[in-house]
Peer 1: 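Sharing a structure below in structure tokens format, with a few things to ask.
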Number of protein chains: 2
Amino acid sequence: MRWSEIGGVPCSVARALSVVGDRWVMLVLREAFLGTRRFEDFHERVGASRRVLAERLAGLVEDGVLARVRYSERPDRFEYRLTDKGRDLHTVLTALRVWGDRWMADDQGPPVTVVHRTCGAAMDPVMVCPDCRDEIDPRDLTAVVHRGPVRG
Amino acid sequence: MRWSEIGGVPCSVARALSVVGDRWVMLVLREAFLGTRRFEDFHERVGASRRVLAERLAGLVEDGVLARVRYSERPDRFEYRLTDKGRDLHTVLTALRVWGDRWMADDQGPPVTVVHRTCGAAMDPVMVCPDCRDEIDPRDLTAVVHRGPVRG
DNA sequence: CCGGTGGGTTCCATAAAGGAACTTAGTCAG
DNA sequence: CTGACTAAGTTCCTTTATGGAACCCACCGG
């Protein structure tokens, strides 16, 4: 299967990956959440080549995750801002960060901590059931497949 | 920057991505969480070529996300099972699924729903602050960078 | 006029991917 | 014994994507 066909598969994981499943896209989003908006800054901080970065930013705009907003005329200059759809990806990024902190740390501890301003706590968010508010153990989950052939 | 250098960056997101940032790896993990264990089944359900699949499975074993377990001698046959480190990635997969359900759905609704067996609720987990138990709004978070140069 | 800035695009050599065929070691049916 | 079949990879070849450097365009400030 070609990667370009992955968005058509009836699976929300596959469809999400058709947008953010690329190597560089998640790093672009990490920067976006840290406040980066401009091409040159993404280029410097993400580490992707200019060609790939330009292509990925355009893709994210097309997918509605980033908006390309003019901040200067004469000359035309644009910056990239998270949309609501993009901001909603914070759960994915947070899940990656928390997993990386737990399983990929070196002896210096996590390079970044996150603080919840509304309560002041250093924060590694947890996933809870929206109903019973218990923390999720993946072994307590059952997937109910409504449509196939690829499941998930 | 080469992708192979990404694991050395002092950023938990980048390090997590060095393991799961590949196009096919997350689909392999989706199948693993749904119970798939064998090469042929992964091949059929994930859609990656045999060559890429073999390489990705070997990588996940090396990274400690899957364990390669012999289930037959004569002939030698192996299956791939999630380790604790791998099972802990359910948060990432769930975040992707929930986002995909919300933003990438077609008119037939989500292809899969997940049920929390301990309480019986259909479940789209939410992320909460471990301290105040409030649901996270990304605008309430502040990242505190301890080490650079790449942040996240 | 000269250099600098921001946001890209073009070009080329190298690396990775898709797909089909092949391999290995054994089982089972006739 | 022969031939078909299974599972788990590997090999080979062609197509595609990537990294990196150079280049381009529009403007600004001195």
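The structure displayed is predicted, hence computed values, not measured ones. First the proteins, then the strands, lettered A, B, ... as listed; each starts at 1.
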Peer 1: Could I get a table of every N or O pair under 3.5 Å where one atom is in the protein and the other is in nucleotides 14-17 of chain C?
Peer 2:
{"unit_1": "C/dA17", "atom_1": "OP1", "unit_2": "B/Arg56", "atom_2": "NH2", "d": "2.4"}
{"unit_1": "C/dA17", "atom_1": "OP2", "unit_2": "B/Arg56", "atom_2": "NH2", "d": "3.3"}
{"unit_1": "C/dA17", "atom_1": "N7", "unit_2": "B/Arg51", "atom_2": "NH2", "d": "2.6"}

Peer 1: Which residues pass the salt bridge (Lys or Arg N to Asp or Glu O under 4.0 Å) test with B/Glu40, not counting sequence neighbours?
Peer 2: B/Arg50
Peer 1: Is any side-chain heavy atom of B/Met123 closer than 4.5 Å to one of A/Pro130?
Peer 2: yes
Peer 1: Charged N to carboxylate O under 4.0 angstrom, B/Arg15 versus A/Asp106?
Peer 2: yes
Peer 1: Contact between B/Phe78 and B/Phe39 at the side-chain level, heavy atoms closer than 4.5 Å - yes or no?
Peer 2: no
Peer 1: Hey, does the side-chain of A/Arg38 have a donor or acceptor N/O within less than 3.5 Å of a partner on the base of C/dG7?
Peer 2: no
Peer 1: For A/Arg37 and C/dG8, give me the distance from atom CZ to atom C1', rounded to whole Å.
Peer 2: 21 Å
Peer 1: Do A/Ser18 and B/Met104 have side-chain heavy atoms sitting under 4.5 Å apart?
Peer 2: yes
Peer 1: Please figure out whether B/Arg77 or B/Glu5 has its closest DNA chain D nucleotide nearer the 5' end.
Peer 2: B/Arg77
Peer 1: Quick one: how far along DNA chain D does chain B reach, first to last nucleotide 5' to 3', anything under 4.0 Å to a heavy atom?
Peer 2: D/dT6 to D/dG20
Peer 1: Does a side-chain N-to-carboxylate-O contact under 4.0 Å join A/Lys85 and A/Asp88?
Peer 2: no
Peer 1: Measure CZ/A/Arg50 against P/C/dT10 and give the value in whole Å, please.
Peer 2: 14 Å
Peer 1: Atom CZ of B/Phe39 and atom P of C/dT24: how far apart are they, to the nearest Å?
Peer 2: 17 Å
Peer 1: A/Val128: which other cluster members, linking ILVMFWY side chains closer than 4.5 Å, directly or transitively?
Peer 2: A/Val126, B/Val126, B/Val128
Peer 1: Considering heavy-atom distances to DNA chain C, does A/Tyr80 or A/Trp3 have its closest nucleotide positioned more toward the 5' end?
Peer 2: A/Tyr80
Peer 1: Would you kindly give the CG-to-C1' distance between A/Leu53 and C/dT10, to the nearest whole Å?
Peer 2: 16 Å
Peer 1: Is there a side-chain contact between A/Val25 and A/Leu29 (heavy atoms, below 4.5 Å)?
Peer 2: yes
Peer 1: So, are A/Glu79 and A/Arg77 salt-bridged, with charged N and O less than 4.0 Å apart?
Peer 2: no
Peer 1: Can you pull out the residues from residues 60-73 of chain A that lie within a 4.0 Å heavy-atom distance of DNA chain C?
Peer 2: A/Arg68, A/Tyr71
Peer 1: Is any side-chain heavy atom of B/Glu73 closer than 4.5 Å to one of B/Asp76?
Peer 2: yes
Peer 1: Donor-acceptor pairs are to be reported for all side-chain atoms of residues 57-66 of chain B against protein atoms at under 3.5 Å, with residues two or more places apart or in another chain.
Peer 2:
none

Peer 1: Regarding B/Arg74, tell me which of base, sugar-phosphate or nothing describes its non-hydrogen contacts under 4.0 Å with the strands shown.
Peer 2: sugar-phosphate
